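Working notes, structure below.
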2 protein chains.
Amino acid sequence: MGFWGVTTTVMGTLSAPSTASRRPTLRDVAARAGVSFKTVSRVVNGEPGVSPGVVARVREAADALGYRPNAAATALRRADGRTATIGVLLEDAGNPFFAALLRGIEEVARSRGIAVFASSTDLDPGRERDMTRAYIARQVDALIAAPTEGDFAHLAQAADEGARVVLVDRPATGLDVDVVLTDNRAGSRRGVEHLIAHGHRRIGFVGRDPSIYTSRERFAGYVEALDAAGIPLDMALVRREGATRSSAADHIDNLMSLAEPPTALFTGQDLITMTAAGALQRRRLQDRVAIVGFDDFELADLLQPGVTVIAQDPHAIGRLAAERALGEAASTTTSVVPTRLIERGSGEIRA
Amino acid sequence: MGFWGVTTTVMGTLSAPSTASRRPTLRDVAARAGVSFKTVSRVVNGEPGVSPGVVARVREAADALGYRPNAAATALRRADGRTATIGVLLEDAGNPFFAALLRGIEEVARSRGIAVFASSTDLDPGRERDMTRAYIARQVDALIAAPTEGDFAHLAQAADEGARVVLVDRPATGLDVDVVLTDNRAGSRRGVEHLIAHGHRRIGFVGRDPSIYTSRERFAGYVEALDAAGIPLDMALVRREGATRSSAADHIDNLMSLAEPPTALFTGQDLITMTAAGALQRRRLQDRVAIVGFDDFELADLLQPGVTVIAQDPHAIGRLAAERALGEAASTTTSVVPTRLIERGSGEIRA
DNA sequence: GGCCTGTACGACAACGTTGTCAAGGTCTCA
DNA sequence: TGAGACCTTGACAACGTTGTCGTACAGGCC
């Protein structure tokens, strides 16, 4: 037992690369096929103007030697500077929302032979800047980012360097690039209206920090819905600060301890929703206090009652963003992906 | 409304890269600083033998022009062929287990200035082969893969090309490379022993297809536990085929409809466990049939009863794999990461 | 002053590929 | 049969960087 209780067994000595010979190049293939290396280049790239017999000979030689083109040399030489590589900057690849988004990007990229760099920023602008620079150095063709707040100079620089920049999940003010967003405000409004339709007038809101764009939009939707129904906004029922996880439970406990507690809750993110559902369960209130959450999550239907949510479509966002990033760049667009209300029980509890 | 009900708004015409000038090179910086380009190269790489005054002048010129080294040219020229890039091949970046594993890799990579290519194979060997080739072409320094079954020739080739290969989650027979594994067999045995300790003797097993390594190991642990307790293996209680999700529910329904149904279930993967918990709920059996699942999952503690699991530590696996991939290559090792039993109620229901 | 040593810098080749252009051969048609 | 067009192939420069080597100059010593 060593590090972290991990057992490590030494298996064998690492041999030098089995064939000490370096990796074959165009010249090696050319020598074997008895042609010039430029002809091999043509065959490898499927360019026209090579006789069938020569193509066959070159193919054979390339296969025999296990030739693979050197991407660095290609990137260096190509006139258009394309590297068939894109960079992705997400908040957290471990979060189900971003994980699904990444999968959407990946699918489109793979179908076009594009490799994907991925990294998580954890909302740290410094990390975002460093990773953007690392991707610029590697000449990515496009950069898909869920931007942090603050300074977008590095994203602008990426665009200047010729990378196609596409923002997902949130826009960046003052940057004229493609954006793919969820309709946060309309979704949130829809969810709160759903609660109002079930007779609720004291509806608590628990969301993330207002410094986050999606958090602001979702709160705006909440305000709009109340306003449209003529219900005055009561800031005593609103909680918008602190870290996602630990503080959310405190917020719920706190709201439920009010002299006049809310009869329903609207939660602004999946992790908050889960925590809130847990907190209501602990207080045995899950069948009396209604809850609608933003973001769908695995198992929402297995809780009792099932959790009603406003579902986003992260997979579609990812696909759309990748198609934008890899498609023709005629003009910059903003795409808004709609949400879906999924009724499962918790949102249909009447006041 | 267009594609998928998505609203797309055209925002503006995409301008040509703001400064039509190409990106600055060593030569541009050299011209501005009044030195040779080789001197700039020395300054940029922090090599000794440059006088302080010249260093300052070069730094200033580089900053003024916004110089960033061209990674392709560096990779092409460097003697050791390092690109500060690694490739990661997972089964599915959208699955929480692999997402956490990827985050672990990412953290270690970022701390060392390494960029990470990520992609999902969905257990398709063809996809694994294609992506491996794409990464070889891009000269990754290391390849971290959760290998599919079958042909490992392409992984061997990656190793031949000088890439450090590290396997995670499952080994590949006949490949002498580093491996980082969960102790599947011991974990599974522990889980089944836990059920036996609570008086169960008819314990159902629902797992993934035996073609998957982890599935075989977990079943082996199940068999070992029964064997040690002197309980005969009853294949009528074992279900090991079909797709993860849809078929699992059928398997549970099927097991529970037996003349002598099992009093407890051991499930071999998170998705199966969730489905099984749902199926038991639908049959109102959640408080009568015990269940222990392999893999922890979000919300396992919010279900009623909470779901007892054998938890892996994917984050640790990722970190360990990345450290192996980026560290010194003295010998090949196999690291085994232990599991943890988390009691939450479902596994403590007595027979 | 001549010689040696060490330091600071520059010239140039090379990495493996793509783009440009030219050379040689075959074919067509007057 | 000769001119022109087309097709196939090769020679060579160039991409931006790092590695090797050479050169200029300052300082120390006899």
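Please read these numbers as outputs of a predicted model, since none were measured by experiment. Throughout, a chain's letter reflects where its sequence line sits, starting with A, and its residues are numbered from 1.
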Rounded distance in Å - CZ (B:Arg57) to C1' (C:dA8):
12 Å
Residue pair B:Arg77/B:Ser51 against DNA chain C: nearer the 5' end by closest nucleotide is B:Ser51
In the structure I gave you, are the side-chain heavy atoms of B:Ser119 and A:Arg110 within less than 4.5 Å of one another anywhere?
no
Tell me yes or no: between the side chains of A:Gln139 and B:Arg23, is some donor less than 3.5 Å from an acceptor?
yes
Among D:dT9, C:dC9, D:dT18, the one nearest A:Arg42 by side-chain distance:
D:dT9
Side chain of B:Leu76, heavy atoms from C-beta onward: which of C:dT17, D:dT17, D:dG16 has the nearest atom to it?
D:dG16
Which of C:dT17, D:dG16, C:dC9 is nearest the side chain of A:Pro69? It is C:dT17
Is any side-chain heavy atom of B:Asp178 closer than 4.5 Å to a side-chain heavy atom of B:Val180?
no
Take A:Arg164 and A:Arg324, measure what side chain to side chain contact (heavy atoms under 4.5 Å, CB included) needs, and give me the verdict at the end.
CA-CA 9 Å; A:Arg164 190 82 189 273; A:Arg324 274 277 137 199; 4.0 Å; yes
Separation of atom CG in A:Asn70 from atom C1' in C:dC15, rounded to whole Å
8 Å
How close or far is atom P of C:dC15 from atom CZ of A:Phe37, stated in whole angstroms?
12 Å
Atom CG of B:Leu65 and atom P of D:dG16 are separated, to the nearest Å, by 14 Å
Considering all heavy atoms, the nearest B:Leu89-B:Met131 contact:
CD2-CB, 3.4 Å
Students often get this wrong, so: under 4.0 angstrom with heavy atoms, is A:Ser41 touching a base, only sugar-phosphate, or nothing?
base
Please compare A:Pro48 and B:Ala72 by the position of their nearest nucleotide in DNA chain D and report the one closer to 5'.
A:Pro48
Closest approach to the side chain of A:Arg78, judged atom by atom: which nucleotide of C:dT17, C:dT18, C:dC12 is it?
C:dT18
Where the side chain of A:Ala73 is concerned, which of C:dC9, C:dT17, D:dT9 is the nearest nucleotide?
C:dT17
Side chain of A:Lys38 only, heavy atoms from C-beta on: which candidate in C:dC9, C:dT20, C:dG16 is closest?
C:dT20
Spacing between A:Asp28 atom CG and C:dT17 atom P, to the nearest angstrom:
9 Å
Atom CZ of A:Arg27 and atom P of D:dA11: how far apart are they, to the nearest Å?
10 Å
A:Leu26 CG to D:dA13 P: how many Å, rounded?
18 Å
Interatomic distance, B:Arg23 CZ vs D:dC15 C1' [rounded to whole Å]:
13 Å
Any side-chain N or O of B:Ser36 less than 4.0 Å from the OP1 or OP2 oxygen of C:dG10?
yes
